[in-house]
A.B. asks: 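Mind looking over this structure? Questions follow.
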Amino acid sequence: MLVEKNVPLQPYNTFHIVAKAHSLVRVTSEDDVQTVISDPELGPALKFVLGGGSNIVLTGDVKPVVLKVEVMGRRLVEETTRAFIVEAGAGENWHDFVTWTLEQGYPGLENMALIPGTVGASPVQNVGAYGVELQDRFESLDAVDLRNGQMFTLNAAQCAFGYRDSVFKHASSGASEDGSDRQALGLKDRALITRVRFRLPKPWVAVLGYADLDRKMAESGVSAPSPQQIYQWICDIRRTKLPDPQVIGNAGSFFKNPTVTQDQCDDIIAREPKIVHYHLADGSVKLAAGWLIDACGWKGKSVGQAGVYERQALVLVNRGVGTDGNGATGGEVMTLAKAIQTSVYERFGILLEPEPVVV
Ligand code: EPU
């Protein structure tokens, strides 16, 4: 096992923030995790699991041992009359995996094309886009318990998926220290996901109904799109609206879309008739955070080298990539995020919750 010291993390986070890992170990299998855990020095040390780095803000050098997940492999596990079950190693790039499933004739992930990050990170925040969330296509995952090296498998219920949320984002309440009830425990910093399996239902049914997709259908005149057609449209839409992290550092949507009660929404609409909102099945209302931020005049604004993307106010960007300097610091990103939170709160009475993990 190779322990790399003082490793630059700029290439490993999509914000391209400059920071170092004091120690970094590349994990290519479950055995590698067990080797780390049984090591006299690394075993007891705090650990930080790094996937594609697409949902983190680094605010300084990382002192816990960084476990960079590089478990690879993609395969069809099973085909039944009702579904394809496909599996990918946690280190596989998410978009490449989506592309591969379509090439193999296993459709169902096309609405989630071009989401940055790795397969292993996708269940952590239950990624989603254009009407499909990971939990709608999830079968199960394998992980290693970082306390004792035990391998375990979780189904969807055990992952406790919510909107950009799962058991992996919540810390342990300390309720059951024997590890028997992982769902109640919360698995933040306790599990390293190694493989994820997806259930892609047969027959395939297109998920449409999003304004951007409807527009593509109307423009093209295609009324019964194939999975490949939807994949292409999603890629086009995302390339137009969202910055490519290879070119402009970012972590996708920086804030979650907040949910309010119908009464709160009525109150806001009375003051702000144009507010973009969606009614949810449970009677609550989701507000478009991008609209709230935009309405407060943040589009295009900056704090140091951290800025609000010109074409989508929900995305914070690193304006310094490719310039002579080091680009935005995590501190600048968080100062900008806090200023946005304050101004949205003062105008609308809503506290926006950040999506990425602050490290
Ligand atoms: N809007 C504005 N100004 C802005 C941005 C948005 O007025 O600067 C308005 C838009 O006009 C639209 C509404 O807000 O009416 C919603 O915008 P959009 O359709 O772009 O979607 P979103 O709510 O901003 C969410 C997800 C994205 C996902 C898209 C499509 C969250 C936090 N974000 O964005 O996910 O791709 O829907 O499904 O739920 C991510 O999580 O990183 C991400 C990119």
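Note that ligands are numbered from 1 as they come in the structure, with each ligand's atoms numbered from 1 the same way.
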A.B. asks: If you have a sec, work out which protein heavy atom is nearest atom 35 (O) of ligand 1 and how many Å separate them, to one decimal?
C.D. replies: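 The protein heavy atom lying closest is Arg164 NH2, 2.9 Å.
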
A.B. asks: For atom 31 (C) of ligand 1, what is the nearest protein heavy atom, given as residue, atom name and distance?
C.D. replies: Tyr163 OH, 3.3 Å

A.B. asks: Should one rank Phe255, Trp291, Tyr210 by closest heavy-atom distance to atom 2 (C) of ligand 1, which comes out on top?
C.D. replies: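 Looking at heavy atoms only, Trp291 sits closest to atom 2 (C) of ligand 1.
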
A.B. asks: In ligand 1, which numbered atoms sit nearer than 4.0 Å to a non-hydrogen atom of Gly252?
C.D. replies: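 Contacts of ligand 1 toward Gly252, numbered from 1: 42 (O).
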
A.B. asks: Is it true that His170 and Asp165 share a donor-acceptor pair across their side chains at a distance under 3.5 Å?
C.D. replies: yes

A.B. asks: In terms of residue, atom name and distance, what is the protein heavy atom nearest to atom 18 (P) of ligand 1?
C.D. replies: Lys241 NZ, 3.7 Å

A.B. asks: Would you please say whether a donor-acceptor pair under 3.5 Å links the side chains of Asp282 and Ser284?
C.D. replies: yes

A.B. asks: Just which atoms of ligand 1 are under 4.0 Å from any heavy atom in Val276?
C.D. replies: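 Near Val276, the atoms of ligand 1 are 13 (C), 15 (O).
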
A.B. asks: With heavy atoms of Asn257 as the reference, note each atom of ligand 1 found under 4.0 Å away.
C.D. replies: 23 (O), 31 (C), 32 (C), 39 (O)

A.B. asks: Who's the nearest protein heavy-atom neighbour of atom 12 (C) of ligand 1, and how far?
C.D. replies: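 Residue, atom and distance for the closest contact: Tyr278 OH, 4.1 Å.
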
A.B. asks: With heavy atoms of Ser253 as the reference, note each atom of ligand 1 found under 4.0 Å away.
C.D. replies: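 The list of qualifying atoms is 26 (C), 27 (C), 31 (C), 32 (C), 33 (N), 35 (O), 40 (C), 41 (O), 42 (O), 43 (C), 44 (C).
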
A.B. asks: Does NZ or CZ of Lys202 fall inside the cone over Phe84's six-membered ring, less than 6.0 Å from its centre and within 45° of the axis?
C.D. replies: yes

A.B. asks: Just need the protein heavy atom nearest to atom 38 (O) of ligand 1, so name the residue and atom and give the distance.
C.D. replies: Tyr130 N, 2.7 Å

A.B. asks: Does Trp298 approach ligand 1 within less than 4.0 angstrom via side chain, backbone, both or neither, non-hydrogen atoms only?
C.D. replies: neither

A.B. asks: Using a cut-off of 6.0 Å, state whether more than 12 heavy atoms not belonging to Arg137 lie near its atom CZ.
C.D. replies: yes

A.B. asks: If we count only N and O atoms by modelled type, under 3.5 Å, do the side chains of Thr194 and Glu30 hold a donor and an acceptor together?
C.D. replies: yes

A.B. asks: Just need the protein heavy atom nearest to atom 17 (O) of ligand 1, so name the residue and atom and give the distance.
C.D. replies: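 I find the closest protein heavy atom is Gln312 NE2, 4.3 Å.
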
A.B. asks: Judged by modelled atom types alone, do Asn126 and Gln135 share a side-chain donor-acceptor pair under 3.5 Å?
C.D. replies: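 Yes, side-chain donor-acceptor contact under 3.5 Å.
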
A.B. asks: Considering the heavy atoms of Arg238, write down every atom of ligand 1 situated less than 4.0 Å from one of them.
C.D. replies: 36 (O), 44 (C)

